Amino acid sequence: MVQEFDKVGVVGLGTMGAGIAEVFARAGFNVVGVEIDQAALDRGRGHVDKSLSRAVSKGKLTEEERSAIESRLTFSTSREDLSDADFVIEAVPERMEIKRDLFSDLDRICPPGTILATNTSSLSVTEIAALTDRPEKVVGLHFFNPAPVMKLAEVITTVSTSPETVDVVTEVAKRIGKTPITIGDRGGFVANALLVPYINDGIRLYERGIATREEIDESVKKAAGLPMGPLTLADLVGLDICLAVMDVLWEEFRDPRYSASPLLRRMVTAGRLGRKTGQGFYGGK
Ligand code: CAA
């Protein structure tokens with residue numbers, strides 16, 4: 001079944017979507033990346049270019065391989081170009097009204113057999129599936145930042161997802177070089193339910209003046225051998241995403257461990273979202 005997969009649609013080409021598009025194109029799929037307007041499309045294409053250039057300059061990719069990957073990638077500002085996609089994954093902003101509009105379009109545009117996946121970190125996959133007339137063909141396929149590098153892909157199923165859909169998506173995740181784990185739809189899924197409260201705890205230490213941001217980050221790197229500390233990781237993931245995951249964990253479990261740090265909330269209100277805005281715990285003024 002997976003062998004018949006050819007055309008993959010990726011909707012939303014921010015940091016995650018561009019990384020996901022690259023991963024599929026590298027694995028040999030023909031990918032159409034869709035963005036809302038030309039400026040966003042150009043930014044998305046820029047993310048992919050930068051990532052491929054980095055791989056070429058490090059000698060990880062030859063110029064020929066790069067050209068082959070690029071030849072499998074097309075870009076569009078029209079969702080209608082997904083009318084012959086076999087599989088579509090979205091990584092648009094984490095707001096249910098945006099997903100609602102998108103999934104009702106995808107349900108209308110894509111053939112009935114097309115599987116629709118969401119890369120959401122914080123919204124309910126069940127709620128997204130219920131927006132369509134094909135909930136059995138809707139799953140979460142959750143990547144980690146940077147998508148071309150991190151090996152885990154969470155396959156999130158709902159009570160409506162068919163076993164065939166799970167099989168196909170799990171197989172696709174393997175074909176793109178990821179290690180899939182299949183899990184039910186619950187706040188934070190698995191990896192974020194562990195990682196984001198840990199990030200939140202790091203922010204609390206900083207907020208209380210227990211240690212500097214550098215000391216907090218270095219502690220974890222030196223003590224536990226992790227590649228980056230919690231505040232650097234918060235900036236990489238995006239503070240808005242961290243807050244959204246904390247809020248969904250709190251809503252679902254009402255456990256004080258899951259209450260978001262006030263500083264995290266204020267940083268998001270102030271628009272300091274981390275690397276994507278140039279200002280987070282690091283960067284900027
Ligand atoms: N795009 C593509 N490739 C990238 C990249 C990017 N944005 N950033 C780094 N890389 C590649 C580099 O090219 C390099 O590849 P090679 O090994 O083939 O040369 C490799 O990653 C290592 O990169 P660097 O040497 O430049 O830097 P590093 O060793 O400091 O690693 C890192 C960078 C991979 C980001 C590493 O610090 C790391 O693993 N950090 C933790 C990331 C993490 O925990 N992510 C999960 C966040 S949670 C999430 O995303 C889920 C959610 O829903 C919120």
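Note that the coordinates shown come from a computational prediction; the quantities given were computed from them, not determined experimentally. Heavy-atom basis, side chains included; hydrogens, waters and symmetry copies ignored.
When all heavy atoms of Ser51 and Pro148 are compared, the closest pair comes out as OG-CG, 4.2 Å. Annotation for Val34 and Thr77: closest pair CG1-C, 4.4 Å, computed over non-hydrogen atoms. Taking every heavy atom of both residues into account, Arg204 and Ala260 meet most closely at NH2-O, 3.6 Å. Here the shortest heavy-atom pairing between Ala25 and Ile69 reads CB-CG2, 3.8 Å. The two residues Ile89 and Leu141 have their closest heavy-atom pair at CD1-O, 3.6 Å. Residues Ile241 and Ser121 come closest through the heavy atom pair CG2-OG, 3.9 Å.
Listed by first and then second residue, the ring-ring contact (aromatic ring centres under 6.0 Å, His included) pairs involving residues 81-125 are Phe5-Phe87, Phe24-Phe87 (not counting sequence neighbours). Pairs passing the ring-ring contact (aromatic ring centres under 6.0 Å, His included) check and including a residue from residues 166-191, sequence neighbours excluded, read His142-Phe189. Contacts classified as side-chain hydrogen bond (donor to acceptor under 3.5 Å, both in side chains) and involving residues 9-19 (residues at least two apart or in different chains) are not found. Screening residues 235-245 for salt bridge (Lys or Arg N to Asp or Glu O under 4.0 Å) gives Asp240-Lys276 as the qualifying pairs, with residues at least two apart or on separate chains. Residue pairs meeting the salt bridge (Lys or Arg N to Asp or Glu O under 4.0 Å) criterion with at least one member in residues 45-66, sequence neighbours excluded: Arg66-Glu70. For residues 192-224, the ring-ring contact (aromatic ring centres under 6.0 Å, His included) pairs, not counting sequence neighbours, are Tyr206-Phe281. Listed by first and then second residue, the salt bridge (Lys or Arg N to Asp or Glu O under 4.0 Å) pairs that reach into residues 209-234 are Glu218-Lys221, Glu218-Lys222, sequence neighbours excluded.
Panel note: side chain Arg134, backbone Ala129; no donor-acceptor pair is recorded below 3.5 Å. Side-chain N or O atoms of Thr165 include none that pairs as donor or acceptor with a backbone N or O of Thr161 at under 3.5 Å. For Thr114 (side chain) and Pro111 (main-chain N/O), a donor-acceptor pair under 3.5 Å exists by modelled atom type. Judged by distance alone, with hydrogens and angles left aside, the side-chain atoms of Glu90 form no donor-acceptor pair with the main-chain N or O of Lys99 at under 3.5 Å.
Under the 4.5 Å side-chain criterion, counting only non-hydrogen atoms from C-beta, Leu123 is not in contact with Thr118. Between Pro262 and Glu207, some side-chain heavy-atom pair lies under the 4.5 Å cut-off. The side-chain heavy atoms of Arg275 and Tyr282, taken from C-beta on, include no pair separated by under 4.5 Å. Using a 4.5 Å heavy-atom threshold, the side chains of Leu152 and Lys178 count as separate. Residues Ser160 and Val138 form no side-chain contact, since every pair of their non-hydrogen atoms from C-beta on lies 4.5 Å or further apart. No side-chain heavy atom of Val8 sits under 4.5 Å from any side-chain heavy atom of Asp86.
Look at Arg265 and Asp247 and you find a salt bridge, because one of the NZ, NE, NH1 or NH2 atoms lies within 4.0 Å of a carboxylate O, short of that distance. A salt bridge is absent between Glu171 and Arg175; no separation between the charged side-chain nitrogens and carboxylate oxygens falls under 4.0 Å. Between Arg186 and Glu252 there is no salt bridge, since no side-chain N of the basic residue sits under 4.0 Å from a carboxylate O of the acidic one.
Exactly one of Val10, Asn119, Val92 qualifies for a side-chain contact (heavy atoms from CB on, under 4.5 Å) with Met16. That residue is Asn119. Of the residues listed (Thr158, Asp185, Thr157), the one engaging Thr126 in a side chain to side chain donor-acceptor pair (under 3.5 Å) is Asp185, and it is the only one.
Under the rule for a salt bridge (Lys or Arg N to Asp or Glu O under 4.0 Å), Arg72 has no partner lying at least two apart in sequence or in another chain. Annotation: side-chain contact (heavy atoms from CB on, under 4.5 Å) contacts of Ala40 (sequence neighbours excluded): Glu35, Ile36, Asp37, Arg43. Partners of Thr170 by side-chain contact (heavy atoms from CB on, under 4.5 Å), not counting sequence neighbours, listed by chain and number: Val155, Val166, Lys174, Pro180, Thr182. When the salt bridge (Lys or Arg N to Asp or Glu O under 4.0 Å) test is applied to Glu127, no partner is found at least two apart in sequence or on another chain. Lys7 meets the salt bridge (Lys or Arg N to Asp or Glu O under 4.0 Å) test with Asp84; sequence neighbours excluded.
Side-chain contact annotation: Ser261 with Arg266, donor-acceptor N/O pair under 3.5 Å absent. Donor-acceptor pairing under 3.5 Å is recorded for the side chains of Glu94 and Thr120. Looking only at atom types and distance, the side chain of Thr132 has no donor-acceptor partner in the side chain of Asp107 under 3.5 Å away.
Once rounded to the nearest 0.5 Å, the distance linking OG1 of Thr232 with CG of Leu236 reads 9.0 Å. Atom CG of Leu226 is separated from atom OG of Ser219 by 11.5 Å, given to the nearest 0.5 angstrom.
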